[in-house]
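All values reported here derive from a predicted model rather than from experimental measurement.
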Amino acid sequence: MIAVKTEEEQEKMRAAGKIVGETLREIEKFIKPGISTMELNSIIESCIRDRGAIPSFKNYHGFPAAACISIDEVVVHGIPSLRVLKEGEIVSVDVGALIDGFHGDAARTFPVGKVSEQKLKLIEVTRECFFKGIERVKEGARLGDVSSAIQKHAESHGYGVVREMVGHGIGRKLHEPPDVPNYGVEGSGPVLKAGNCLAIEPMINMGTPRVSIDPNDGWTCRTRDLMPSAHYENTVIVGADGAEILTL
């Protein structure tokens, strides 16, 4: 059962989404060679708390930080550390904020300094995948329509679509039903209703779609071939004629 949010609940979702969007815009200014992912995490946590919210990810199932910061072959759930960003890398920053009982969630992948054309293309196509999916979001559509559009666009560029990690419903809980895969069959899956809230998040690999989880920390998700991955996510509200994006 996918929750339908009331108008009052949607307003609270908008407030949470706005904080997440502002935090991602702010952190982009600091993405440059020489800064550590721990420093970025500290800035992110301050941005969220300064706006009266709580970082959704901190202590979520034991995750130790306010943000997931994932470099190059790390797909998602990178744990901030003393590692510094280097010229030519790409880094995804995934942020959640909880305010007044509701969560917002979004991610962006940024280039660090001057990066290769191949990596820039991966970032752009991953972003395009999100918007291809969003074109299919409206009341009466099936979730598989959204998933299929994302998959087709990524694979048309020869990229791998991660299967093990998916988007999700969102609201009072960070993760609510349904799962929102980035692959699927058009015309399949649950029917979307106005007031459904979803976190849609293509995770697209330059090479194989296969991933592995670091056995030491239990979080860090890497591509099996260690080729780069990109991540682009927004929280959206399903409407009668389309989607309202809350985290831009």
Side-chain angles (χ1 to χ4, degrees), residues 1-7 9-10 13-14 16-17 20-21 24 75-76 92 94 96 102-109 121-206 208-211 221 229-248:
M1 185 71 182
I2 310 174
V4 173
K5 306 295 191 290
T6 65
E7 283 298 330
E9 289 172 330
Q10 289 178 40
M13 293 290 298
R14 291 183 183 100
V20 170
L24 285 168
V75 181
V76 286
S92 80
D94 192 354
F102 287 84
H103 295 271
D105 186 8
R108 304 284 184 268
T109 301
K121 181 184 174 187
L122 176 66
I123 291 172
E124 182 56 26
V125 170
T126 301
R127 179 185 174 279
E128 290 170 358
C129 283
F130 170 84
F131 286 98
K132 290 290 184 182
I134 279 295
E135 288 174 6
R136 305 303 302 273
V137 174
K138 64 178 179 179
E139 185 166 38
R142 288 192 175 269
L143 194 57
D145 302 345
V146 181
S147 301
S148 174
I150 292 169
Q151 180 182 8
K152 286 176 181 176
H153 189 65
E155 292 181 348
S156 73
H157 290 274
Y159 294 146
V161 179
V162 174
R163 301 305 201 266
E164 291 85 348
M165 303 289 172
V166 297
H168 50 93
I170 185 170
R172 290 187 183 276
K173 295 181 179 178
L174 181 60
H175 293 97
E176 298 182 352
D179 286 347
V180 184
N182 296 305
Y183 61 95
V185 177
E186 193 159 350
S188 69
V191 175
L192 298 177
K193 297 179 181 178
N196 292 158
C197 292
L198 306 172
I200 299 172
E201 50 178 319
M203 288 159 269
I204 308 300
N205 299 346
M206 194 178 285
T208 180
R210 299 186 68 203
V211 300
C221 175
S229 181
H231 183 201
Y232 187 92
E233 175 185 20
N234 284 301
T235 297
V236 309
I237 300 175
V238 179
D241 300 311
E244 177 186 352
I245 304 173
L246 307 186
T247 44
L248 291 178

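Looking at I2 and V238, their side chains never come closer than 4.5 Å, going by heavy atoms from C-beta outward. For the pair V211/N205, a side-chain contact is recorded, criterion being any heavy-atom separation below 4.5 Å from C-beta on. Looking at I204 and V161, their side chains come closer than 4.5 Å, going by heavy atoms from C-beta outward. Counting only heavy atoms from C-beta outward, the side chains of Y159 and M206 approach each other to under 4.5 Å.
Under a 3.5 Å cut-off, the side chain of N182 and the backbone N or O of V166 do not form any donor-acceptor pair. A donor-acceptor distance shorter than 3.5 angstrom exists from the side chain of D145 to the backbone of G187, with no hydrogens or angles considered. H168 places a side-chain N or O within 3.5 Å of a backbone atom of L174 that can act as its donor or acceptor partner. Side-chain N or O atoms of S147 include one that pairs as donor or acceptor with a backbone N or O of P181 at under 3.5 Å. At least one donor-acceptor pair closer than 3.5 Å links the side chain of R108 to the backbone N or O of E233.
Taking CZ of F102 as the start and CZ of R172 as the end, the distance is 3.5 Å to the nearest 0.5 Å. Within the model, atoms CG of L246 and CE of M13 stand 6.0 Å from one another, a figure rounded to the nearest 0.5 Å. Atoms SG and CD, on C221 and E164 in that order, are 7.0 Å from each other to the nearest 0.5 Å. Distance check, rounded to the nearest 0.5 Å: CG of L143 to OG of S148 gives 11.0 Å.
A search for side chain to side chain donor-acceptor pair (under 3.5 Å) contacts involving D94 returns nothing, not counting sequence neighbours.
When all heavy atoms of A194 and A240 are compared, the closest pair comes out as CB-N, 4.3 Å. Nearest heavy atom pair, residue P177 against residue M1, reads CB-O, 3.9 Å. The heavy-atom pair separating V146 from V137 by the smallest distance is CG2-CG2, 3.7 Å. For S92 against H231, the heavy-atom pair with the smallest separation is CB-CB, 4.0 Å. When all heavy atoms of A16 and H103 are compared, the closest pair comes out as CB-C, 3.7 Å. R136 and A141 get closest at one heavy-atom pair: O-CB, 3.3 Å.
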Atom pairs and distances, side-chain donor-acceptor, residues 124-134, under 3.5 Å, sequence neighbours left out:
unit_1	atom_1	unit_2	atom_2	d
T126	OG1	L122	O	2.8
E128	OE1	H153	NE2	2.7

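Annotation: side-chain hydrogen bond (donor to acceptor under 3.5 Å, both in side chains) contacts involving residues 235-248, sequence neighbours excluded, comprise R14-E244, N234-T247.
Checked against L198 for a side chain to side chain contact (heavy atoms under 4.5 Å, CB included), the options L192, I237, I170 give a single hit: L192.
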Check: When you look at V162 and V76, which way does the side chain to side chain contact (heavy atoms under 4.5 Å, CB included) test go after all the steps?
Finding: CA-CA 11 Å; V162 174; V76 286; over 6 Å; no
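Annotation: R210, atom CZ; neighbour count of heavy atoms from other residues, nucleotides and ligands within 6.0 Å does not exceed 12.
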